[in-house]
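Below, chains carry the letters A, B, ... as their sequence lines are ordered, and counting in each starts from 1. Bear in mind the structure is a predicted one, so any value in this text is a computation, not a measurement.
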Protein chains: 2
Amino acid sequence: MNIGLLLFIPNREVENRVLAAVNAAGFDLTQAQQRVLMRVGPEGTRLTVLAESAQVTKQTAGFLVDQLEKAGYVERVPDPADGRARLVKVTDKALAAVPVANAELAAIEAEWERHLGKRRMAQLREALERLGEITDPYR
Amino acid sequence: MNIGLLLFIPNREVENRVLAAVNAAGFDLTQAQQRVLMRVGPEGTRLTVLAESAQVTKQTAGFLVDQLEKAGYVERVPDPADGRARLVKVTDKALAAVPVANAELAAIEAEWERHLGKRRMAQLREALERLGEITDPYR
DNA sequence: CTACTTTAGTCAGAGAATCTGACCAGTACA
DNA sequence: TGTACTGGTCAGATTCTCTGACTAAAGTAG
C-alpha cells in the first residue's frame with residue numbers, strides 16, 4: 001500500500017479529532033485556521049514564517065490570520081526588530097485551547113499505543129521524527 | 001512534537017512530489033482530483049464509495065469526477081448490478097499515469113530508507129499499516 | 001402487489017481556502 | 001545614495017468543500 005495514503009489516513013484522524021475536541025470545548029476554529037494557529041510561537045511569529053512553515057502563500061496565511069484576529073485568537077503587534085514586519089501573537093483566549101488539544105492528542109496516542117504496543121509506537125514516533133529531518137522545509 | 005504534525009509533514013511531501021511528477025509527465029491533475037482518482041478500483045467504483053473512502057461528501061466527489069471525466073481520465077458506465085448506480089472507471093489515458101506515480105513513490109521510499117535505514121523504514125511501514133486497522137474508515 | 005424506507009446520485013447555492021499578479025513601505029548593502 | 005531585497009497588503013479569480021432539496025431505483029414489510 002502507498003506510503004502517502006498510509007500517512008494520510010492517521011493524519012486525518014488526528015486533525016479531525018483534535019479539531020472536534022477543541023470546538024466541542026467552545027472554540028470555533030476551522031482546520032486551516034488551526035494549522036496556522038498551531039505554528040505561532042510563544043514570542044510571536046512573522047506572517048512570512050507562518051506561511052512558509054504551513055506551506056501556503058503569504059496571502060493565504062494573511063487571510064487566515066485576519067480571521068483568527070477578528071475572532072480574538074491572535075493579535076498583530078509591530079516587530080521591534082523590523083519596521084516592515086509585525087508579529088502574530090497568540091492571545092489568552094486561544095491559549096485556553098492548548099490543554100484541550102493536548103488532552104485529545106494524548107488520548108489518541110494512548111489508543112494507538114494500545115493497538116500497536118509500546119514498542120511499535122515508540123518506533124513509529126522515532127521514525128517520523130527522523131523523517132522530519134529530510135521532509136520538513138521549516139527546520 | 002505533535003504526532004499529527006509528524007504525520008502531516010511527510011504526507012505532504014509525498015503528495016506534492018507525486019503530483020509534480022505526474023504533471024511533469026504531461027498530465028494535468030489537481031491534488032483533490034488525484035486523491036479521488038487514486039481510489040478508483042480496477043473494476044470501477046461507485047461514486048458513493050469514492051466519497052466515503054476519500055472522506056468527502058458525494059457532492060464533492062461528484063464535482064471532482066465531473067472534472068476528471070471532462071478531462072478524459074475517467075468514464076461513468078451504468079452499474080449492471082444496480083439501476084441507480086454508475087461505475088466510475090479509469091480510462092487508458094489515466095492508467096498511463098500509474099507507472100509515473102509509482103516510480104516517484106519508489107524514489108521517495110528509497111530516499112527515506114537511505115535516511116532511516118532499512119530496519120527503521122520497515123518498522124515505519126508496519127506501524128502505519130497496523131494503524132490503518134483502527135483509523136481507516138474504509139476497510 | 002402495494003406502500004414505506006433506504007440508497008445512489010444530481011442540482012442549486014453558498015462559504016472557505018487557495019492561488020497569481022501588482023503593489024507599497026521599510027531594510028540592506030554596494 | 002540608489003538599487004535590490006524582504007515583509008506585508010490589495011484585488012481578483014479559481015478550486016474545493018459543504019448543506020439542503022430533490023429524483024429515481026431498490027429493498028422490505030405487509
Side-chain angles (χ1 to χ4, degrees), chain A residues 8 12 15-16 19-20 22-23 27-41 43-71 73-89 138, chain B residues 8 12 15-16 19-20 23 27-41 43-71 73-89 137-138:
Chain A
F8 176 70
R12 182 181 53 196
E15 283 196 339
N16 288 346
L19 188 65
V22 166
N23 285 341
F27 296 86
D28 182 29
L29 289 166
T30 66
Q31 201 68 263
Q33 286 166 11
Q34 186 194 227
R35 274 187 211 128
V36 168
L37 190 54
M38 204 168 54
R39 289 173 161 87
V40 179
E43 308 300 316
T45 305
R46 290 191 192 171
L47 189 63
T48 310
V49 173
L50 288 177
E52 255 173 43
S53 89
Q55 293 256 290
V56 293
T57 59
K58 43 189 188 167
Q59 290 89 329
T60 299
F63 172 79
L64 294 167
V65 168
D66 281 348
Q67 298 177 325
L68 288 168
E69 191 172 27
K70 211 168 292 171
Y73 294 120
V74 301
E75 54 183 353
R76 289 193 240 222
V77 301
D79 184 342
D82 188 331
R84 295 163 300 180
R86 293 197 281 164
L87 292 173
V88 176
K89 286 195 168 176
Y138 182 66
Chain B
F8 176 70
R12 184 181 53 196
E15 283 195 340
N16 288 346
L19 188 65
N23 285 341
F27 296 87
D28 181 30
L29 289 166
T30 67
Q31 200 67 264
Q33 287 165 9
Q34 186 194 227
R35 274 185 209 130
V36 168
L37 189 54
M38 202 169 55
R39 289 174 161 87
V40 179
E43 309 299 317
T45 304
R46 290 193 192 170
L47 189 63
T48 310
V49 173
L50 288 178
E52 257 173 43
S53 89
Q55 293 256 290
V56 294
T57 59
K58 44 190 187 164
Q59 290 90 327
T60 299
F63 172 79
L64 294 167
V65 169
D66 282 348
Q67 298 177 324
L68 288 169
E69 192 173 26
K70 210 169 292 172
Y73 293 120
V74 301
E75 53 184 353
R76 288 194 242 222
V77 302
D79 184 342
D82 189 331
R84 296 164 302 179
R86 293 199 278 165
L87 292 174
V88 176
K89 286 195 169 178
Y138 183 68

- Grab the CD-P distance between B:Glu69 and C:dG9 for me, whole Å please. 13 Å
- Message: Please report the distance, rounded to the nearest Å, between CG in A:Leu19 and P in C:dA17.
- Response: 10 Å
- Query: When you check the phosphate oxygens OP1 and OP2 of C:dA17, does a side-chain N or O of A:Thr60 lie under 4.0 Å from one of them?
  - Reply: no
- Verdict with supporting geometry, A:Leu87 and A:Arg46, side-chain contact (heavy atoms from CB on, under 4.5 Å): CA-CA 5 Å; A:Leu87 292 173; A:Arg46 290 191 192 171; 3.9 Å; yes
- Looking at A:Gln33, does any N or O in its side chain come under 4.0 Å of the phosphate oxygens OP1/OP2 on C:dA16? no
- Message: Nearest whole Å is fine: how far is C:dT6 P from B:Asp82 CG?
- Response: 17 Å
- Message: How many whole angstroms separate atom CZ of B:Phe63 from atom P of C:dG13?
- Response: 16 Å
- Interface limits on DNA chain D, where chain B has a heavy atom under 4.0 Å of a nucleotide atom: D:dC16 to D:dA26
- Any donor-acceptor pair under 3.5 Å linking the side chain of A:Arg39 with the backbone of A:Ser53? yes
- Task: Give the rounded distance in Å between these two atoms: NZ of B:Lys58 and C1' of C:dT6.
- Result: 11 Å
- Item | Nucleotide C:dG9, atom C1' - distance to CG of B:Leu64 in whole Å | 15 Å
- If only side-chain N and O atoms of B:Arg76 are considered, is one of them under 4.0 Å from the OP1 or OP2 phosphate oxygen of C:dT10? yes
- C:dT5 P sits how many Å from B:Arg84 CZ, rounded? 16 Å
- Query: Do A:Glu52 and A:Val49 have side-chain heavy atoms sitting under 4.5 Å apart?
  - Reply: no
- Item | side chain to side chain donor-acceptor pair (under 3.5 Å), paired with B:Gln31, selected from B:Gln33, B:Arg35, B:Gln34 | B:Gln34
- Message: Does C:dC19 have OP1 or OP2 under 4.0 Å away from a side-chain N or O of A:Thr57?
- Response: yes
- Check the distance between C:dA17's P and A:Gln31's CD and give it to me in whole angstrom. 9 Å
